[in-house]
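Side chains are part of it too, since the values below use all heavy atoms of this structure and drop only hydrogens, waters and symmetry mates. In what follows, residues are counted from 1 in the order of the sequence shown.
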Amino acid sequence: MIGVDIEDISRFENKADDFYKRLFTDSEINYCKSNKNPAPHFAARFCAKEAVFKALSAIGINIPSYKSIEILKEKNGAVYVKLPQNINKTVHLSISHEKDKAIAFAIIEK
């Protein structure tokens, strides 16, 4: 199954910490805030979570919250998804951001 999402980066600019804490794990927040401009990184990770959520929903798997889906980064820069332990699915993920938009595609193997 495939999921996709696109967001305006401006939606993730100048938000209170409570906003980020509702959507992102501590690791995700720390990574995004370690960048000079965190908004594109928050937007891309939100897109990834939404794309994964959509793909899982299409095969009948419900996720309780956005924080249940964690977007992490390998040392080589590749992103990957950490799902709750009770969901044993392989997720292929691609995220990107440019100027004022962020986008993500997720593919879930059956």
Trainee: If you count the non-hydrogen atoms of other residues, nucleotides and ligands that lie under 6.0 Å from CG in N30, is the total more than 12?
Mentor: yes
Trainee: Looking only at non-hydrogen atoms, find the nearest pair between A102 and P40 and report the distance.
Mentor: CB-O, 4.5 Å
Trainee: Hey, could you give me the OG/CZ distance between S65 and R22, rounded to the nearest 0.5 Å?
Mentor: 12.5 Å
Trainee: Measuring from atom CG of L23 to atom NZ of K49, what distance do you get when rounded to the nearest 0.5 angstrom?
Mentor: 7.5 Å
Trainee: In Å, rounded to the nearest 0.5 Å, how long is the span from CG of L93 to CD1 of I107?
Mentor: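 The CD1 atom of I107 is 9.5 Å from CG of L93, to the nearest 0.5 Å.
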Trainee: Over all heavy atoms of both residues, which pair between A55 and G3 is shortest? Give the atoms and the distance, please.
Mentor: CB-N, 3.7 Å
Trainee: Identify whether I63 and V4 are in the same connected component of the hydrophobic contact network (ILVMFWY, side-chain heavy atoms under 4.5 Å).
Mentor: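 No; V4 is not reachable from I63 via cluster members.
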Trainee: Should I95 and I103 be marked as a side-chain contact (heavy atoms from CB on, under 4.5 Å) after you check the CA-CA gap, both sets of side-chain angles, and the distance that decides it?
Mentor: CA-CA 6 Å; I95 66 176; I103 190 167; over 6 Å; no
Trainee: Same cluster for M1 and I61 if Ile/Leu/Val/Met/Phe/Trp/Tyr side chains link at under 4.5 Å?
Mentor: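 Linked, M1 and I61 end up in one cluster.
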Trainee: Is D26 atom CG crowded by more than 12 heavy atoms from other residues, nucleotides or ligands, each under 6.0 Å away?
Mentor: no
Trainee: Quick one: hydrophobic cluster around I9, which other residues, with the 4.5 Å side-chain cut-off, linked directly or via members?
Mentor: none
Trainee: Considering only residues two or more places apart or on different chains, which pairs with a residue in residues 90-105 satisfy salt bridge (Lys or Arg N to Asp or Glu O under 4.0 Å)?
Mentor: D8-K101
Trainee: Scan for ring pair (Phe, Tyr, Trp, His ring centres under 6.0 Å) pairs involving residues 74-110, sequence neighbours excluded, and state none if there are none.
Mentor: H41-H97
Trainee: When you look at E28 and E70, which way does the side-chain contact (heavy atoms from CB on, under 4.5 Å) test go after all the steps?
Mentor: CA-CA 7 Å; E28 292 168 322; E70 189 170 26; 3.9 Å; yes
Trainee: Between F42 and F24, how do the two ring planes meet: parallel, tilted or perpendicular, split at 30° and 60°?
Mentor: tilted
Trainee: Has K21 got more than 12 heavy atoms of other residues, nucleotides or ligands less than 6.0 Å from its NZ?
Mentor: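 It does not: K21 NZ has 12 such atoms or fewer within range.
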Trainee: The test is side-chain contact (heavy atoms from CB on, under 4.5 Å); show your working for V81 and I69 and say whether it passes.
Mentor: CA-CA 7 Å; V81 179; I69 301 169; 3.9 Å; yes
Trainee: Looking at E7 and R45, does any basic side-chain N land under 4.0 Å from a carboxylate oxygen?
Mentor: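 No, no charged N to carboxylate O under 4.0 Å.
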Trainee: Taking all heavy atoms of A104 and all of A44, pick out the closest pair and write down the distance.
Mentor: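 In terms of heavy atoms, the two residues are closest at CB-O, 4.4 Å.
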Trainee: Residues in salt bridge (Lys or Arg N to Asp or Glu O under 4.0 Å) with K67, at least two apart?
Mentor: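 For K67, no residue satisfies salt bridge (Lys or Arg N to Asp or Glu O under 4.0 Å) once neighbours in sequence are set aside.
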Trainee: Would E13 and S10 satisfy side chain to side chain donor-acceptor pair (under 3.5 Å), going step by step from the backbone distance to the final call?
Mentor: CA-CA 5 Å; E13 293 173 343; S10 63; 5.3 Å; no
Trainee: Side-chain heavy atoms under 4.5 angstrom apart, residues restricted to Ile, Leu, Val, Met, Phe, Trp, Tyr: same cluster for I29 and F46?
Mentor: yes
Trainee: Would you sort out whether K15 and Y20 count as a side chain to side chain donor-acceptor pair (under 3.5 Å), showing the intermediate values?
Mentor: CA-CA 7 Å; K15 297 292 184 182; Y20 299 123; over 6 Å; no
Trainee: Could you give the distance from CG (N62) to OG (S57), rounded to the nearest 0.5 Å?
Mentor: 6.0 Å
Trainee: Checking Y66 now: which residues fulfil side-chain hydrogen bond (donor to acceptor under 3.5 Å, both in side chains) with it, not counting sequence neighbours?
Mentor: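 Counting only residues at least two positions away or on another chain, Y66 forms a side-chain hydrogen bond (donor to acceptor under 3.5 Å, both in side chains) with E50.
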Trainee: K82: which residues meet the salt bridge (Lys or Arg N to Asp or Glu O under 4.0 Å) condition with it, sequence neighbours left out?
Mentor: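 By the salt bridge (Lys or Arg N to Asp or Glu O under 4.0 Å) rule, K82 matches no residue at all.
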Trainee: Less than 4.5 Å apart, any side-chain heavy atom of E109 and any of V91?
Mentor: no
Trainee: Report yes or no: do I87 and I71 belong to one cluster of Ile/Leu/Val/Met/Phe/Trp/Tyr joined by side chain heavy-atom distances under 4.5 Å?
Mentor: yes
Trainee: Same cluster or not: are I108 and L83 linked, directly or through other Ile, Leu, Val, Met, Phe, Trp or Tyr residues, by side-chain heavy atoms under 4.5 angstrom apart?
Mentor: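 As far as the 4.5 Å side-chain criterion goes, L83 and I108 are connected within one cluster.
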Trainee: Checking N76 side chain against A78 main chain: does a donor-acceptor pair fall under 3.5 Å?
Mentor: yes
